[in-house]
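Keep in mind the model is a prediction, meaning the values are calculated, not measured. Here is the naming used below: chain letters follow the sequence lines, and residue numbers restart at 1 for every chain. Just so you know, these numbers use all the heavy atoms, side chains as well, and skip hydrogens, waters and symmetry mates.
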Amino acid sequence: MVLQGQAGENAVVGRDAFDEILARLQERGYAVYGTVNEKGTGIFRPLGGAGELSLRCTGGTLPPKYLWYPPSETMFTYDRQSGALRSEIEPVKQAVFGIRPCDVHALLALDEVFLGGDYPDPYYRARREDLPLVVFNCVESGDTCFCSSMGTGPGLDHDYDLLITELDRPGRFLLEVGSGLGGELVRDLRAEVARDEDYQVKHRRLEDAAANARTTLETEDLPRLMSEGHGHPYWREISDKCFGCANCTSVCPTCYCADIFDETDFSLTETRRKRRWSWCFLMEFGAVHGGNFRERRIDRLRQFMQHKLNFSVGQYGRFHCVGCGRCIVWCPANIDIAQTGRTIRGDA
Amino acid sequence: MPPDCTCQNPLVPSIVKVVEIVDETYDIKNFYVATDQGIPFEVLPGQLCMVSLLPVGEGMFSVTWQAEDHLQFAIRRVGLLTDALHEIEIGQELGIRGPYGNGFPVRQCEGKNMLFIGGGIGLAPLRSFIKHCFRRRKRYGQIQVLYGARSVADLCFKQELSVEWPAQPETRIFTTIDRPEADWDGKVAFVPAYLEELAPDPENTVAVVCGPPIMITLALKSLQKLGFKDDQVITTLEGRMKCGIGKCGRCNIGSEYICLDGPVFDLAHLRHLPPEW
């Protein structure tokens with residue numbers, strides 16, 4: 001068959017289709033990022049060719065968050081001679097090839113933070129409005145993944161332009177078209193008709209991936225139990241091990257906290273107001289004149305985990321933990337947010 | 001969004017000029033700011049504004065008074081930005097954005113007796129509410145202001161405290177300092193102790209508390225002892241806010257942002273938050 005390029009259309013394709021999709025994204029002016037295995041780990045970086053893409057499950061050690069929420073950005077410049085403020089916000093054309101369902105959910109969480117409410121953020125919007133997503137469903141669970149507990153994976157059924165699921169014979173992929181743009185990326189491609197067995201294989205592989213998750217966390221009633229567990233002795237136990245290094249918050253796909261500050265270069269002619277990632281693990285984060293909301297490390301560690309497993313639900317109606325497991329991987333003290341949730345709720 | 005348009009950008013300030021600077025104490029100045037047209041925007045008592053002094057930085061300040069043609073911010077010198085602000089002169093341009101936050105429940109308090117309890121620079125946000133009450137004097141019952149500072153030199157708004165406010169009908173002003181001083185014949189006591197001594201009647205009264213964290217903590221306990229219910233006590237919280245619009249996460253407490261959901265909370269609400277404030 002030949003793909004018509006319509007939203008809702010499905011087919012089975014080979015890996016050669018990836019090259020075509022990548023080429024078409026690039027032709028349309030997108031900088032395309034994907035998960036590449038480098039130095040023994042997966043990272044999101046600009047793709048040379050589709051052959052570089054890692055199909056291994058897990059979305060890499062760092063989330064693609066930096067593409068829509070850069071670690072540091074200039075909000076406006078201030079000309080010190082004229083006193084003029086200049087804010088230049090250019091639309092950014094980026095695409096992600098191989099983003100995983102958990103990271104798509106993290107992106108949707110950030111959409112609510114930055115674009116919801118009375119003050120939509122124009123910097124985020126410029127990077128978000130034109131952001132094609134070619135999603136890889138996860139057919140295996142990583143050691144620290146618990147997306148199936150958080151309801152964010154291993155499969156996705158919304159908010160993708162193209163959705164790709166690896167079937168059980170190597171080199172065969174179920175391709176699902178989720179948008180008009182997704183359609184354009186595959187129009188006229190030669191493909192096999194997707195048969196019932198292919199869908200059955202997809203569902204079985206996703207079910208297996210969920211069933212084989214080695215990390216789990218029951219989320220029923222979790223926010224209330226976390227609130228009641230504010231004084232649980234486990235917080236002391238883990239905060240005694242915590243280095244306060246902020247690795248967990250640095251690799252979290254939903255952390256959005258920031259510092260805003262003025263920076264002047266050596267010419268002394270121009271000042272830039274910048275926004276830079278910040279982390280609740282920093283001592284200065286909760287500092288006010290004459291006090292600190294979270295002076296002790298236990299307060300700061302608890303703030304991070306409570307925000308993910310409790311406060312975010314009150315604020316946005318969803319957990320700002322998508323179960324990607326990166327904070328667990330990166331913790332030098334083996335502190336585990338899923339274990340913490342289980343312990344506080346009494347399931348450990 | 002067109003590249004040069006800052007009109008829809010909530011993070012780019014508009015420009016105001018400093019039209020007056022009043023030295024309140026050795027480390028507190030009251031800055032009056034305005035545009036050529038007057039106030040940059042309407043502000044309610046207790047609301048917050050982000051004030052920028054480029055190229056030093058930006059900070060969140062509570063409005064001290066929303067006059068008809070200018071806004072006032074009483075600012076104590078405590079750090080990099082406030083040090084720099086204390087060096088500026090009349091005519092200086094500042095960036096401003098806002099207003100942010102809920103402000104004091106001025107409407108819901110109508111018909112009530114008002115008890116304002118302030119410490120140090122904590123009088124600054126209360127003043128926006130106190131002066132609001134005096135402008136609409138008949139809408140509020142008795143007004144009592146209990147204000148304390150470390151020393152006589154630390155008392156701000158002295159003229160109002162000693163002359164203007166006591167002259168208002170049904171109004172009592174109590175001022176105290178922490179330690180005795182030679183030329184001070186007024187009260188010497190910490191605010192919470194003085195509060196318990198004065199023992200104001202909780203009946204139909206709302207207490208509004210703002211001051212240093214330790215004073216707030218103790219004053220809330222004293223109010224409870226005096227029979228004030230949690231929903232009769234309101235306070236205004238602070239955080240080192242960077243954005244003011246619920247994105248930087250700095251003022252997060254529980255499921256609240258002080259900038260969006262506060263800064264004014266009643267005690268009944270605060271009791272539902274993690275004990276971090």
Side-chain angles (χ1 to χ4, degrees), chain A residues 75-76 78 80 83 85-91 113-114 116-126 223 227 230-231 255-264 268 270-273 275 278-280 284-291 293-294 299 302-303 306-307 310-316, chain B residues 1-6 8-15 50 52-58 60 76 78-82 93 95 97 100 120-121 211-214 237-261 272-277:
Chain A
M75 301 164 73
F76 60 85
Y78 165 67
R80 296 184 66 177
L85 303 183
R86 196 161 35 88
S87 171
E88 285 175 0
I89 303 175
E90 300 285 351
V113 172
F114 285 106
D118 294 336
Y119 305 100
D121 185 278
Y123 309 95
Y124 181 87
R125 189 168 56 201
S227 284
H230 182 89
C255 270
Y256 53 86
C257 287
D259 191 10
I260 292 176
F261 60 99
D262 289 0
E263 185 181 87
T264 303
L268 300 181
E270 204 174 72
T271 294
R272 282 174 295 280
R273 170 135 323 150
R275 174 163 68 185
S278 181
W279 305 279
C280 53
E284 61 121 28
F285 192 88
V288 291
H289 178 69
F293 282 109
R294 291 180 276 275
D299 301 325
R302 183 167 45 203
Q303 167 69 13
Q306 287 278 20
H307 200 201
N310 177 4
F311 304 156
S312 54
V313 177
Q315 287 176 304
Y316 299 102
Chain B
M1 169 171 294
D4 282 327
C5 177
T6 57
Q8 294 167 54
N9 188 332
L11 290 159
V12 176
S14 54
I15 301 298
M50 271 296 202
S52 282
L53 174 60
L54 288 152
V56 182
E58 189 177 43
M60 187 68 98
R76 186 162 158 228
V78 294
L80 193 70
L81 174 64
T82 53
E93 288 190 338
R97 51 192 185 88
Y100 300 124
I121 187 70
I214 183 69
L237 298 183
E238 67 166 322
R240 193 166 289 176
M241 301 173 224
K242 299 290 178 174
C243 75
I245 56 175
K247 317 237 186 272
C248 77
R250 301 294 287 248
C251 65
N252 169 240
I253 292 191
S255 289
E256 314 279 349
Y257 285 124
I258 296 173
C259 66
L260 293 182
D261 306 302
H272 287 104
L273 298 184
E276 292 181 331
W277 46 275

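- Chain B forms more heavy-atom pairs under 4.5 Å with one residue of Thr264(A), Asp121(A), Asp259(A), Val113(A) than with any other, namely Asp259(A).
- Comparing Gly95(B), Cys248(B), Gly249(B) by heavy-atom pairs within less than 4.5 Å of chain A, the highest count is held by Cys248(B).
- Of the two parts of Phe293(A), the backbone and the side chain both hold a non-hydrogen atom closer than 4.5 Å to a non-hydrogen atom of chain B.
- Using a 4.5 Å cut-off between heavy atoms, Cys251(B) makes no contact with chain A at all.
- With a 6.0 Å cutoff to the six-membered ring centre and a 45° limit on the axis angle, Arg250(B) counts as a cation-pi contact of Phe285(A).
- At least one side-chain heavy atom of Tyr123(A) sits less than 4.5 Å from a side-chain heavy atom of Asn9(B).
- Shown here for Lys242(B) and Ile260(A), the closest heavy-atom pair between the two residues is O-CD1, 3.2 Å.
- Tyr78(A) touches chain B through its side chain: at least one heavy atom from C-beta onward sits under 4.5 Å away, while N, CA, C and O do not.
- For the atom pair OH (Tyr256(A)) and NZ (Lys247(B)), the distance works out to 9.5 Å, reported to the nearest 0.5 Å.
- At a 4.5 Å heavy-atom cutoff, the contact between Ile15(B) and chain A is made by side-chain atoms alone.
- Distance check: Leu54(B) CG to Arg273(A) CZ gives 5.0 Å after rounding to the nearest 0.5 Å.
- In this structure, chain A has a heavy atom under 4.5 Å from the side chain of Leu260(B), while its backbone stays farther away.
- Looking at every heavy atom in both residues, Gly246(B) comes nearest to Tyr316(A) through O-OH, 3.9 Å.
- From Phe76(A), atom CZ reaches atom OG of Ser52(B) across 5.5 Å, with rounding to the nearest 0.5 Å.
- Residue contact with chain B, scored on non-hydrogen atoms closer than 4.5 Å, is absent for Pro223(A).
- Within the 4.5 Å cutoff, the side chain of Arg80(A) has heavy atoms near those of the Pro55(B) side chain.
- With a 4.5 Å cut-off on side-chain heavy atoms, Gln303(A) and Asn252(B) count as touching.
- Nearest heavy atom pair, residue Ser87(A) against residue Val12(B), reads CB-CG2, 4.0 Å.
- When heavy atoms are compared at a cutoff of 4.5 Å, Arg275(A) approaches chain B solely by way of its side chain, counted from C-beta outward.
- Here the OH atom belonging to Tyr119(A) is positioned 9.5 Å from the CZ atom belonging to Arg97(B), to the nearest 0.5 angstrom.
- No part of Tyr124(A) comes within reach of chain B, as not one of its non-hydrogen atoms sits under 4.5 angstrom from that chain.
- Note that the CG atom of Leu273(B) and the NE2 atom of His230(A) stand 11.0 Å from one another [nearest 0.5 Å].
- If you measure heavy-atom distances from Ser227(A) to chain B, you find no contacts under 4.5 Å at all.
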